[in-house]
A.B. asks: 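There's a structure below that I have some questions on.
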Amino acid sequence: MKNFIVKKFGGTSVASTEKIKIIAKRIAEDIKRGERPLIVLSAMSGYTDSLIQMADRVFPDYQGEAYDMLLSSGEQVSISLLSMALKKRNIPNKPLLAHQAGIQTSSFFSKACIESIRTEKIKSLFKKNIFPLIAGFQGVTKQNEITTLGRGGSDLTAVALSSALKIKTCEIYTDVRGVFTADPQLVPKARKQKHLSFSEMMEMSYLGSKVLQIRSVEMASKHGINLHVRHAFKKEEGTWITKKKENFMEGSLVSAVAHDLNTLVIKFNKTAEGVGFISELFTKLGKESVFVDIISQSGIGVPARLAFSITKTDLKKSLSVLKKLKLDKNISIIDGVAKISIIGVGMASYSGVAGRFFSVIKKTKARLYLVTTSEIKISAIIDKTSLKKTARALHKEFDL
Ligand code: ASP
Ligand code: MG
């Protein structure tokens with residue numbers, strides 16, 4: 001569809017009524033230039049967090065329809081205000097909640113999947129030159145219950161709408177100028193990237209970059225939606241994420257250094273023999289939806305060695321599983337760690353990257369706990385105190 005474009009604004013872009021007015025002005029200018037935007041919004045920044053805090057005060061750990069109904073309310077506020085700001089500028093528009101826009105999901109509360117989108121309503125609005133404003137992050141089940149799509153889920157709403165309406169470009173407006181070669185707060189020399197492939201961006205989201213929700217990148221990749229991550233209050237181009245050729249080198253082997261502080265290691269002091277024990281342990285952890293990341297197992301026979309990393313916020317759930325299996329006396333918890341990773345499609349066709357990675361670790365004297373690699377990344381769990389110098393050294397080693 002010509003000139004059609006999806007524009008998703010994140011929480012920081014609509015953080016105050018003043019900012020909402022600035023965004024309305026920007027959208028009005030884009031429309032004047034001939035663009036026909038479909039707008040998707042997040043809640044005002046901090047809003048969803050404060051709803052979660054309220055829920056926790058009333059019933060900690062509760063999950064279900066009331067929780068999703070509460071959380072979805074943030075986006076209702078932001079689309080209403082933006083709608084008013086646009087109307088004041090005489091831009092015809094219609095704010096739509098997910099159920100009005102026909103965004104149907106599974107009934108897995110707080111992590112629902114989008115199953116289908118009925119696009120007639122949106123199409124008929126466009127035909128009448130009325131611009132639709134969609135509440136991100138929310139959906140509705142076949143049974144008419146309100147659901148939410150997981151934190152950061154308005155990115156997913158935006159990509160799913162792009163795909164359902166066959167709109168090839170989805171702009172993601174945020175408070176950074178694009179996707180950087182590393183977190184600029186950790187590595188001051190980090191640069192904005194012009195272009196990344198879907199698989200690089202997927203790894204980056206998975207490895208700790210907060211810019212895009214990972215499910216939205218997966219969906220964009222599957223449906224060939226080009227993403228453009230850019231600053232909401234600056235006019236410059238940001239970072240394009242597209243299906244660039246996977247061996248396209250752009251001169252560099254590694255395209256980014258990522259890190260994640262939301263991790264810790266559970267190490268077994270001694271373990272039972274055999275695969276039975278491991279299978280029982282990880283099946284039970286999986287049932288409790290504990291996110292297990294790197295697993296290291298070695299030693300045939302006794303004593304075998306086992307350690308794995310989990311998302312820090314899953315510690316409570318993991319300990320209760322270990323307790324049920326009577327394994328809680330047998331473990332050490334290694335906290336104060338961070339995951340550091342290098343990512344790049346160029347790595348797949350070159351050797352020697354691992355050697356250079358470990359030379360850097362040796363130089364910075366970081367304590368190394370766990371390591372994992374894939375075709376396009378190397379990740380290591382190291383002590384948190386060495387994170388900054390290791391990130392900077394890796395950034396330099398790989399000419400970023
Ligand atoms: N407001 C939701 C959240 O904070 C969704 C989003 O921002 O994408 O997670
Ligand atoms: Mg977000």
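Keep in mind that this is a model prediction, so the values were computed, not measured. All ligand and atom numbering here is 1-based and tracks the order in the structure.
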A.B. asks: Using only atom types and a distance under 3.5 Å, with no angle test, would you say the side chain of T181 pairs donor to acceptor with the backbone of R191?
C.D. replies: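 Present.
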
A.B. asks: Measure the spacing between CG of L315 and CG of D335 and express it to the nearest 0.5 Å.
C.D. replies: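 The CG atom of D335 is 8.0 Å from CG of L315, to the nearest 0.5 Å.
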
A.B. asks: List ligand 1 atoms under 4.0 Å from G152, heavy atoms only on the residue side.
C.D. replies: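 Here the atoms of ligand 1 in question are 3 (C), 5 (C), 6 (C), 8 (O), 9 (O).
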
A.B. asks: Looking at ligand 1, is there an atom of it that comes within less than 4.0 Å of some heavy atom belonging to G74?
C.D. replies: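 Outside the 4.0 Å threshold, so no.
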
A.B. asks: Can D61 and K317 be counted as an ion pair, charged N to O under 4.0 angstrom?
C.D. replies: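 Here D61 does not pair with K317 in a salt bridge, since their nearest N and O are not under 4.0 Å apart.
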
A.B. asks: Is ligand 1 less than 4.0 angstrom away from at least one heavy atom of G153?
C.D. replies: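 The answer is yes, since G153 has a heavy atom less than 4.0 Å from ligand 1.
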
A.B. asks: With side chain to side chain contact (heavy atoms under 4.5 Å, CB included) as the test, pick out the partner of L133 among L86, L38, L41.
C.D. replies: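 Only one of L86, L38, L41 forms a side chain to side chain contact (heavy atoms under 4.5 Å, CB included) with L133, namely L86.
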
A.B. asks: For R151, take its heavy atoms, then give the atoms of ligand 1 lying under 4.0 Å from any of them.
C.D. replies: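 In order of number, 3 (C), 4 (O), 9 (O).
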
A.B. asks: Which atoms of ligand 1 are found less than 4.0 Å from any heavy atom of S42?
C.D. replies: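 Those qualifying, in numeric order: 6 (C), 7 (O), 8 (O).
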
A.B. asks: Which protein heavy atom lies closest to atom 6 (C) of ligand 1, and at what distance to 0.1 Å?
C.D. replies: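 Answer for atom 6 (C) of ligand 1: S154 OG, 3.2 Å.
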
A.B. asks: Determine, for K21 against E18, whether the closest basic-nitrogen to carboxylate-oxygen distance falls under 4.0 angstrom.
C.D. replies: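 E18 and K21: salt-bridged.
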
A.B. asks: Taking only Lys NZ, Arg NE, NH1 and NH2, and the carboxylate oxygens of Asp or Glu, determine whether R177 and E236 approach each other closer than 4.0 Å.
C.D. replies: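 Here R177 pairs with E236 in a salt bridge, since their nearest N and O are under 4.0 Å apart.
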
A.B. asks: Using a 4.0 Å heavy-atom threshold (strictly under), name the region of E75 that reaches ligand 1: side chain, backbone, both or neither.
C.D. replies: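 Only the side chain of E75 comes within reach of ligand 1.
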
